[in-house]
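The analysis underlying the following values was restricted to heavy atoms, covering all of them including side chains, and did not include hydrogens, waters or symmetry mates. For reference, positions follow the sequence shown, starting with 1.
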Amino acid sequence: MAPKAGNFARKPVGQAFKDKSKPQDVRLSNIQAAKAVCDAIRTSLGPRGMDKMIQGSNGEVSITNDGATILKQMNVLHPAAKMLVELSRAQDVEAGDGTTSVVVIAGALLEACEKLLHKGIHPTAISDSFQRCANKAIEIINDMSTPIALTDRETLIKSASTSLNSKVVSQQSSLLAPIAVDAVLRVTEPGKEGAVDLKNIKVIRSLGGTVEDTELVEGLVFTSRSAGVNAPKRIEKAKIGLIQFCISAPKTDMDHSVIVSDYAAMDRVLKEERAYILNIVKQIKKAGCNVLLVQKSILRDAVSDLAQHFLDKIKCLVVKDVEREDIEFVCKTLNCRPIASLDHFVAENLVNADLVEEVSSGTNKFVKITGIQNPGRTVSIVCRGSNKLVLEEAARSLHDALCVVRCLVKKRAQIVGGGAPEIEMALQLAAYAQTVEGVDAYCFRAYAEALEVIPSTLAENAGLNPIATVTELRNRHAQGEKNAGINVRKGAITDIFAENVVQPALVNISAISLATETIRSILKIDDIVNTIS
């Protein structure tokens with residue numbers, strides 16, 4: 001009798017892939033989490049964008065609309081959402097500006113991916129197509145951009161002030177933009193334009209006054225006041241020495257105690273100390289030094305009271321507690337080497353400057369050194385603000401403006417702002433999609449639509465009708481007006497180039513390439529595994 005078919009426990013085919021929906025769920029959860037981050041900062045895009053008030057766990061409050069700052073301080077738990085925080089940080093390092101735009105573009109691209117995945121297109125196919133889209137988009141930006149020369153200061157200032165327009169300090173952009181341009185041009189070495197190091201620009205925050213009091217100092221500024229009561233506060237034709245040893249009684253490296261039993265021994269100790277310090281001060285006077293910068297010391301006082309008394313007598317201005325990490329900047333500015341021992345304290349190692357004076361600004365006092373004999377390529381900016389929140393935001397905005405000028409120095413091309421490049425890219429990519437066949441055509445069209453998120457968000461934040469505005473903008477671009485963009489001030493579509501709303505091409509190029517890279521890596525993830533530790 002033949003056995004019944006039902007008795008055999010047949011092994012189901014493809015047991016390993018029982019749970020086929022899991023990769024799909026992981027992908028969708030990743031996309032949702034990343035979109036949530038994007039929606040959180042979407043409202044702070046553009047000149048009419050809102051600001052966010054960030055409250056730390058310790059109760060500290062800061063107000064900003066800089067995308068990178070908001071995301072850095074946001075408590076993000078989902079691993080895919082953390083990728084968007086990293087994306088914004090990468091844009092901050094690469095270009096310095098466009099940190100909000102890059103996250104908004106990424107969010108729109110993720111939405112496009114979701115629709116494409118629902119159509120049943122494979123993630124790898126979408127990912128490869130998007131890379132081709134990004135390359136094509138960067139070509140379009142390069143075609144749109146206009147080259148500039150570094151000698152054209154006006155153009156550089158226009159780009160810097162566009163970057164400042166979306167910040168809290170937009171009213172002061174006419175003052176801060178020239179400062180940013182001059183600072184970057186000052187530290188740019190001819191022939192090495194690609195490597196502008198913003199560490200050579202020191203931004204010093206000083207509470208008090210208003211943002212309008214911000215100034216650029218070609219020289220050195222020390223945040224601490226000069227030591228000593230009777231010491232001179234202003235020295236012309238100064239000879240400056242930067243020392244790394246202490247002018248106080250020597251101490252051993254280990255803990256010890258000296259027991260002094262009689263007064264004679266005690267007198268001897270004090271006499272030795274006095275002679276030791278006097279010897280150092282005599283050497284300083286012999287070298288002709290009249291301004292002394294002393295590195296901060298952990299073990300003992302950098303300058304003891306007795307030493308300060310002697311230094312006052314030889315009419316020497318002392319700035320003590322120069323931070324260890326500032327030493328490099330000071331050496332670069334003065335073009336000198338720090339003097340580590342008394343034997344090297346000779347006239348050759350000193351630096352000449354026209355003027356060293358103590359100036360008061362607000363509640364603080366600064367020591368300012370100007371007219372250095374052969375200065376290095378560094379510059380200091382004293383940033384002022386009436387309260388802590390404004391001051392911090394002013395310093396952040398200034399950093400963005402400096403980065404924009406640095407981008408222009410690196411890649412000397414600029415494009416218009418106001419959503420014009422995004423619409424132009426969307427139109428040209430959509431037209432290109434007609435010439436491609438297969439899955440690529442879908443992906444190119446989706447990518448083109450996703451780029452329209454920037455103009456529609458700009459319009460939304462400015463209180464305009466997003467759909468009507470973007471349609472009108474698309475129409476104007478289709479007629480060949482490449483520079484038509486959203487004019488937020490007038491609430492209409494105008495020639496944005498005539499309004500001086502320009503930005504470096506590098507900002508848009510890096511935004512497109514970084515956003516696409518991040519989206520590709522999110523698409524490729526099909527599972528999240530937790531580790532044991």
Side-chain angles (χ1 to χ4, degrees), residues 41 43-74 92 96-97 99-100 157 160-184 198 201-226 233 319 321 323 326 357-370 379-405 461 488-489:
I41 67 164
T43 51
S44 65
L45 179 80
R48 288 278 187 275
M50 298 296 162
D51 295 347
K52 305 271 183 259
M53 186 179 253
I54 302 163
Q55 187 174 13
S57 52
N58 55 357
E60 199 150 293
V61 174
S62 54
I63 298 172
T64 180
N65 71 356
D66 178 42
T69 313
I70 298 169
L71 288 178
K72 192 163 62 185
Q73 302 189 2
M74 206 187 265
D92 198 28
D97 197 23
T99 47
T100 315
I157 290 175
S161 51
T162 303
S163 149
L164 290 166
N165 277 342
S166 63
K167 305 281 184 265
V168 180
V169 292
S170 56
Q171 305 299 321
Q172 283 85 16
S173 62
S174 57
L175 169 91
L176 294 178
I179 287 182
V181 171
D182 293 343
V184 174
L198 288 185
I201 301 172
K202 194 174 182 195
V203 179
I204 294 159
R205 301 172 191 191
S206 161
L207 205 58
T210 58
V211 180
E212 273 123 19
D213 300 335
T214 301
E215 59 170 340
L216 181 77
V217 179
E218 291 211 0
L220 256 184
V221 176
F222 291 103
T223 41
S224 55
R225 52 197 304 173
S226 64
K233 302 292 180 201
V319 179
D321 295 346
E323 292 290 343
D326 290 346
E357 62 175 336
E358 188 176 272
V359 287
S360 58
S361 84
T363 49
N364 309 342
K365 285 196 171 175
F366 290 157
V367 176
K368 203 155 132 188
I369 302 178
T370 46
V379 74
S380 302
I381 299 174
V382 180
C383 195
R384 307 292 304 280
S386 51
N387 63 29
K388 194 165 166 238
L389 300 179
V390 173
L391 181 61
E392 282 181 358
E393 183 59 8
R396 269 195 293 270
S397 311
L398 198 56
H399 173 74
D400 276 11
L402 291 170
C403 288
V404 163
V405 185
N461 289 350
V488 180
R489 293 196 191 95

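For the side-chain contact (heavy atoms from CB on, under 4.5 Å) test with Ser360, the passing option among Lys233, Arg225, Lys365 is Lys365; the others fail. The one candidate from Thr69, Leu198, Asp97 that meets the side-chain contact (heavy atoms from CB on, under 4.5 Å) condition with His399 is Leu198.
At distances below 3.5 Å, at least one donor-acceptor pair connects side-chain atoms of Asn461 with backbone N or O atoms of Leu45. No donor-acceptor pair under 3.5 Å is formed between the side chain of Gln172 and the backbone N or O of Val211. Of the possible polar contacts, none joining the Arg384 side chain to the Thr210 backbone as a donor-acceptor pair under 3.5 Å is found. A distance-only check finds no donor-acceptor pair linking the side chain of Ser170 to the backbone of Ser166 [under 3.5 Å].
Once rounded to the nearest 0.5 Å, the distance linking CD1 of Ile41 with CG of Leu71 reads 4.5 Å. Taking CD1 from Ile369 and CD from Glu357, the interatomic distance works out to 11.0 Å, rounded to the nearest 0.5 Å. Atoms CD1 and OG, from Ile179 and Ser173 in turn, are 11.5 Å apart once rounded to the nearest 0.5 Å. To the nearest 0.5 Å, the span separating CZ on Arg48 from CG on Asn165 amounts to 9.5 Å. Atoms NZ and CG, on Lys167 and Leu398 in that order, are 11.5 Å from each other to the nearest 0.5 Å. Here Asn65 contributes atom CG and Ser397 contributes atom OG; the two are 7.5 Å apart, rounded to the nearest 0.5 Å.
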Can you check side-chain contact (heavy atoms from CB on, under 4.5 Å) on Val184 and Ile201, steps first, answer last? CA-CA 8 Å; Val184 174; Ile201 301 172; 4.1 Å; yes
Ser62 and Glu392: CA distance, side-chain angles, deciding distance, side chain to side chain donor-acceptor pair (under 3.5 Å) verdict: CA-CA 8 Å; Ser62 54; Glu392 282 181 358; 5.2 Å; no
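For Ile63 against Glu393, the heavy-atom pair with the smallest separation is O-OE1, 3.3 Å. Residues Ser380 and Ile204 approach most closely at CB-CD1, 4.5 Å, considering heavy atoms. A pairwise comparison of heavy atoms in Asp400 and Gly96 identifies OD1-O, 3.1 Å as the closest pair. The nearest pair of heavy atoms linking Ala395 to Val203 is CB-CG1, 4.4 Å. Shortest non-hydrogen contact noted between Leu391 and Cys383 is CD1-O, 3.4 Å. Nearest heavy atoms, Val367 versus Ser226: CG2-N, 3.7 Å.
Within a 6.0 Å sphere centred on CE of Met74, other residues, nucleotides and ligands contribute more than 12 heavy atoms. Taking a 6.0 Å sphere around CD of Glu323, one finds it holds more than 12 heavy atoms contributed by other residues, nucleotides or ligands.
You'll find the side chain of Thr370 reaches within 4.5 Å of the side chain of Val217, heavy atoms only.
Between Asp326 and Lys202 there is a salt bridge, since at least one side-chain N of the basic residue sits less than 4.0 Å from a carboxylate O of the acidic one.
With 3.5 Å as the limit, one finds a donor-acceptor pair spanning the side chains of Asp66 and Thr99.
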